[in-house]
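These notes concern the structure reproduced below.
Indexing begins at 1, ligand by ligand and atom by atom, following the structure's order.
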Amino acid sequence: RAKKKGRNQLCFFEAAMQEQFSRNYLIETELKGAVTRQDFQLHYQPVLDAISSKIVGVEALIRWPNCSVKCFPDEFIPIAEQSGEINEIGEWVLDSAISQLSAWHQNFGCTLTMAVNISAVQLGSAALVSVIESLLAKYHVAAEFLVLELTETALLNQDENNNKHITLLCELGCKLALDDFGTGFSSLSHLVNYPINIVKLDKSLLPVADTDIRHMKIVKGIAAMVNIIDLHIVAEGVETEFQRDLCNKLKVNELQGYFFDKPMSGADIEQRWLNRG
Ligand code: C2E
Ligand code: MG
Ligand code: MG
Ligand code: MG
């Protein structure tokens, strides 16, 4: 009997593995040529100044409406990193985001910043720096308006190229943000040893700070530490008024989250934030 149960569980496990495998395989297959088929879109999530509640920038977030299975970047970006498609996708994201930013600067006379997520694999690519430099020139956008979001994993990847590229991007004048801070290593030395300008507190920190006093103190500690070395802090995943108030107490500089806005199309950004004379 126990043996039979064991075998059923094994079958279930195998079926689940098989299903996951097929799904990944399908996604990997559809990713090939997806840029050429113009399959992707960018959505933009507003980043607001904590004091004035005015928009100061947006983060570009990729969407894939044409995929035959509903799938979000947390699922398909890692697959694209493994298959190598990430470099082409990443270039498409940079081109679209910088061209959109240029249009907003010209048409609305605004000074929004554009944050773009850069994967660890992209950071290792020799072409990244020159691609970014030529896109900024092509669209006449000053480097200071482009924020490149890196993760600690990308820094930790002790690849000499990564370090070299980070230095070059900084010399180009781009702003560098450390994304998802507070989940992985949360290492002080990363903040000191790399030319980081902005720290983004991970969206998982605020909900636990809501309910647990010790977590709240840790989030306070992280914010104080970042404040003390004069880096800019952005809180992501602000969902409630309580969390917004907590961020203000912690002297977070900028806020991003569903409490204010979800990621939306470029047209919706214009409608909601820019078309106001
Ligand atoms: P991320 O860079 O940390 O982006 C923030 C994620 O949190 C986004 O998920 C955003 O939609 C979501 N979010 C925003 N406000 C809230 C909130 O109030 N509550 C909650 N629970 N979530 C919120 P999304 O768009 O699904 O992207 C997931 C991740 O995929 C991103 O995390 C980023 O690491 C990666 N990603 C997205 N677009 C790109 C891209 O163009 N290139 C690369 N390399 N990675 C990307
Ligand atoms: Mg990000
Ligand atoms: Mg993040
Ligand atoms: Mg992330």
Side-chain angles (χ1 to χ4, degrees), residues 27 31 34-35 39-48 57-65 67 70-101 113-125 128 131-132 135 146-154 157 175-184 186 196-210 222 233-244 246-247 252 254-266 268-269:
I27 292 172
L31 276 173
V35 169
D39 261 6
F40 297 111
Q41 289 173 4
L42 284 186
H43 276 185
Y44 304 92
Q45 187 176 33
V47 178
L48 308 185
V58 296
E59 176 176 4
L61 295 159
I62 193 168
R63 295 292 178 262
W64 192 13
C67 183
K70 195 174 162 62
C71 116
F72 278 87
D74 272 331
E75 182 174 16
F76 69 78
I77 291 290
I79 299 176
E81 288 178 328
Q82 273 177 20
S83 72
E85 293 304 305
I86 190 65
N87 286 313
E88 197 187 344
I89 296 172
E91 275 190 37
W92 176 84
V93 170
L94 282 162
D95 191 302
S96 312
I98 296 171
S99 124
Q100 176 66 90
L101 185 65
T113 58
M114 173 70 71
V116 175
N117 293 283
I118 303 291
S119 99
V121 176
Q122 270 177 288
L123 192 62
S125 146
L128 180 72
V131 164
I132 290 177
L135 287 172
L146 181 64
V147 179
L148 302 170
E149 298 197 356
L150 312 173
T151 58
E152 287 190 293
T153 332
N157 187 339
K175 296 275 186 293
L176 300 183
L178 197 52
D179 204 353
D180 304 338
F181 197 74
T183 49
S186 312
I196 301 292
N197 309 98
I198 299 159
V199 172
K200 296 193 78 169
L201 298 183
D202 190 74
K203 59 179 177 292
S204 65
L205 293 179
L206 290 177
V208 291
D210 269 0
I222 294 176
I233 311 183
V234 181
E236 62 175 31
V238 182
E239 289 183 353
T240 64
E241 199 171 355
F242 181 84
Q243 292 172 355
R244 194 260 322 264
L246 174 65
C247 288
V252 168
E254 288 159 16
L255 307 171
Q256 189 182 341
Y258 298 163
F259 181 65
F260 306 100
D261 278 312
K262 294 204 162 168
M264 60 183 93
S265 70
D268 286 344
I269 292 282

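- Ring planes of Trp92 and Phe40: tilted class, angle from 30 to 60°.
- Residue contact check: Gln45 has heavy atoms under 4.0 Å from atoms 14 (C), 15 (N) of ligand 1.
- Note that CG of Asp179 and CG of Leu150 are 8.5 Å apart. Values are rounded to the nearest 0.5 Å.
- When the options Phe40, Phe72, Tyr258 are ranked by their closest heavy atom to atom 23 (C) of ligand 1, first place goes to Tyr258.
- Counting heavy atoms from C-beta outward, Val47 and Glu236 have side chains that stay 4.5 Å or more apart.
- Rounded to the nearest 10 degrees, the angle OD1 (Asp180) to the Mg ion (ligand 3) to OE2 (Glu236) equals 110°.
- When non-hydrogen atoms are compared, ligand 1 lies under 4.0 Å from the side chain of Glu59 (C-beta onward) but not from its backbone.
- Residue-level proximity to ligand 1 for Ser119 is carried by backbone and side chain together, each with a heavy atom below 4.0 angstrom.
- Heavy atoms of Ile62 found under 4.0 angstrom from ligand 1 belong to the backbone as well as the side chain.
- Metal site remark for the Mg ion (ligand 2): Glu59 contributes an N, O or S atom at a distance under 2.8 Å.
- Considering backbone and side-chain N/O of Glu239, one or more are found under 3.5 Å from N/O of ligand 1.
- With a 4.0 Å heavy-atom cut-off, ligand 1 is reached by the side chain of Glu236 but not by its N, CA, C or O.
- How far CG of Leu148 is from CG of Leu178: 12.5 Å, rounded to the nearest 0.5 Å.
- For the atom pair CG of Asp180 and CD of Glu152, the computed distance is 9.0 Å after rounding to the nearest 0.5 Å.
- Sorting the N, O or S atoms of Glu149 by how far they are from the Mg ion (ligand 2) puts OE1 first.
- Neither the backbone nor the side chain of Lys200 has a heavy atom within less than 4.0 Å of ligand 1.
- Within ligand 1, the atoms closer than 4.0 Å to a non-hydrogen atom of Gly257 are 15 (N), 18 (O), numbered from 1 in the order shown.
- By the criterion of a heavy-atom distance under 4.0 Å, the side chain of Asp179, and not its backbone, is placed next to ligand 1.
- The only option from Lys262, Glu59, Gln256 that meets the side-chain hydrogen bond (donor to acceptor under 3.5 Å, both in side chains) definition with Gln45 turns out to be Gln256.
- Closest of all the heavy-atom pairs between Glu81 and Ser119 is OE2-CB, 2.8 Å.
- The proximity of Asp180 to ligand 1, defined as any non-hydrogen pair under 4.0 Å, is limited to the side chain.
- Atom CG of residue Leu176 and atom CD1 of residue Ile198 lie 8.5 Å apart, to the nearest 0.5 angstrom.
- Partners of Asp268 under the salt bridge (Lys or Arg N to Asp or Glu O under 4.0 Å) rule, at least two apart in sequence or in another chain, do not exist in this structure.
- Residue-level proximity to ligand 1 for Arg63 is carried by the side chain, the only part with a heavy atom below 4.0 angstrom.
- Distance check: Ile196 CD1 to Phe181 CZ gives 9.5 Å after rounding to the nearest 0.5 Å.
- For the side chain to side chain contact (heavy atoms under 4.5 Å, CB included) criterion with Arg63, the lone passing option out of Cys71, Ser265, Pro73 is Pro73.
- We find the CG-CG distance between Leu135 and Leu146 to be 9.0 Å, quoted to the nearest 0.5 Å.
- Of all the N, O or S atoms in Asp179, the one closest to the Mg ion (ligand 2) is OD2.
- Below 4.0 Å from some heavy atom of Pro263 lie the following atoms of ligand 1, by number and element: 11 (O).
- With ligand atoms numbered from 1 in the order given, ligand 1 contributes 18 (O) to contacts under 4.0 Å with heavy atoms of Val238.
- Ligand 1 places these atoms under 4.0 Å from at least one heavy atom of Val93: 41 (O).
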